[in-house]
Amino acid sequence: MILKKKSKKAQPAQLPILIPIEKLLGRSGFLLNKAAQRVREVYEEALKPTGLTAKHAGVLMILEEKGSLSQNELGKCAYIDRTTVVGLMDDLERLGLVERKEHPTDRRSHAIYLTAKGKDVLPVIDKQALEMEREFLDCLSAQEQKSLIQILRKLVLNHFTVSKESR
């Protein structure tokens with residue numbers, strides 16, 4: 001019996017099976033989670049040059065739309081716990097994108113304000129988000145994209161505590 005010497009060349013890594021079983025492909029929870037996971041990964045990668053994460057971007061967008069908010073109000077709007085909000089505010093303040101000031105009506109809390117630098121970075125974030133979404137949804141027709149947004153919006157508004165007027 002002759003034994004062949006193993007080649008020292010690295011064998012290519014076995015690729016994971018990318019397509020899950022049919023049962024999972026019929027489950028909305030699995031599909032929503034996987035789609036969200038991939039969108040998050042792609043968006044985080046797109047944001048890297050800015051030094052921001054998707055959570056940072058979301059907080060900045062909320063402040064842009066709603067104006068100054070307390071940290072508590074901001075956490076409620078973004079569905080983020082207090083500890084995470086404090087960390088995000090520390091990051092954004094260190095980057096000069098937000099400023100904490102004494103709350104005008106509640107001495108026990110801080111009001112968060114966008115700085116001029118924070119306002120300047122918003123168009124960059126928005127452009128990156130739109131490009132990422134366009135690429136991600138490119139496999140869908142324009143009508144399918146519109147339908148997807150309508151369905152996801154309905155799910156989010158139905159399953160989170162949101163006033164009916166804002167729908």
Side-chain angles (χ1 to χ4, degrees), residues 27-140 142-167:
R27 301 291 170 102
S28 60
F30 174 82
L31 295 170
L32 287 167
N33 185 46
K34 285 296 160 195
Q37 179 183 4
R38 187 66 184 132
V39 165
R40 203 171 19 259
E41 290 168 356
V42 173
Y43 192 41
E44 294 282 345
E45 190 62 34
L47 285 173
K48 268 188 182 174
T50 66
L52 300 173
T53 66
K55 283 185 181 179
H56 291 129
V59 164
L60 292 173
M61 290 179 195
I62 289 169
L63 289 170
E64 176 186 38
E65 185 173 311
K66 297 205 173 273
S68 171
L69 293 171
S70 71
Q71 288 182 186
N72 188 35
E73 292 167 329
L74 188 54
K76 286 178 181 177
C77 283
Y79 294 91
I80 299 173
D81 64 86
R82 289 183 197 188
T83 305
T84 304
V85 170
V86 170
L88 290 170
M89 291 309 99
D90 289 345
D91 295 344
L92 294 171
E93 194 169 40
R94 190 172 38 258
L95 291 167
L97 303 176
V98 299
E99 186 177 18
R100 288 182 209 169
K101 296 181 182 176
E102 212 174 275
H103 195 281
T105 59
D106 184 356
R107 292 179 40 199
R108 298 168 295 156
S109 67
H110 291 97
I112 310 298
Y113 295 85
L114 276 176
T115 63
K117 187 176 177 183
K119 290 175 184 175
D120 289 344
V121 81
L122 280 161
V124 174
I125 291 169
D126 198 40
K127 181 180 179 206
Q128 288 170 326
L130 288 171
E131 286 175 13
M132 180 276 307
E133 286 178 20
R134 193 174 304 120
E135 287 177 28
F136 187 80
L137 298 175
D138 190 51
C139 61
L140 302 176
Q143 183 56 49
E144 288 171 324
Q145 290 180 31
K146 186 177 179 182
S147 295
L148 176 65
I149 296 296
Q150 289 172 338
I151 291 166
L152 292 173
R153 181 181 171 94
K154 186 174 185 176
L155 286 170
V156 168
L157 292 176
N158 188 59
H159 292 289
F160 285 88
T161 307
V162 177
S163 67
K164 301 237 186 234
E165 303 85 54
S166 62
R167 292 184 192 182

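In what follows, every heavy atom counts, from backbone to side chain, and hydrogens, waters and symmetry copies are set aside.
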- Message: Quick check against the 3.5 Å criterion: does S70 have a side-chain atom that pairs as donor or acceptor with the backbone of A111?
- Response: no
- Keeping the roles fixed (side chain from E44, backbone from A54), state whether a donor-acceptor pair exists under 3.5 Å. yes
Can you find a pair of side-chain heavy atoms, one from [X] and one from [Y], that are under 4.5 Å apart?
X: I125; Y: V121; answer: yes
X: R100; Y: L92; answer: no
X: V86; Y: R82; answer: no
X: Q37; Y: K34; answer: yes

Nearest 0.5 angstrom please: [X] [atom1] to [Y] [atom2], how far?
X: L152; Y: L32; atom1: CG; atom2: CG; answer: 6.5 Å
X: L114; Y: K66; atom1: CG; atom2: NZ; answer: 13.5 Å
X: R153; Y: Q150; atom1: CZ; atom2: CD; answer: 9.5 Å
X: E93; Y: L95; atom1: CD; atom2: CG; answer: 10.5 Å
X: L155; Y: S28; atom1: CG; atom2: OG; answer: 8.0 Å
X: N72; Y: H110; atom1: CG; atom2: NE2; answer: 13.0 Å

- Any ion pair linking E73 and K76 (charged N to carboxylate O, less than 4.0 Å)? no
Give every donor-acceptor pair under 3.5 Å between a side-chain atom in residues 55-65 and any protein atom, sequence neighbours left out.
from, atom 1, to, atom 2, distance (Å)
H56, ND1, T53, N, 2.9
H56, ND1, T53, OG1, 3.0
H56, NE2, D91, OD2, 2.9

- Message: Assess the residue pair L74 and L88 against the criterion (side-chain contact (heavy atoms from CB on, under 4.5 Å)); give the C-alpha distance rounded to whole Å, side-chain angles, the decisive distance to 0.1 Å, and a yes or no.
- Response: CA-CA 11 Å; L74 188 54; L88 290 170; over 6 Å; no
Donor-acceptor pairs under 3.5 angstrom involving side-chain atoms of residues 128-140: please list them, not counting sequence neighbours.
from, atom 1, to, atom 2, distance (Å)
Q128, NE2, A46, O, 3.1

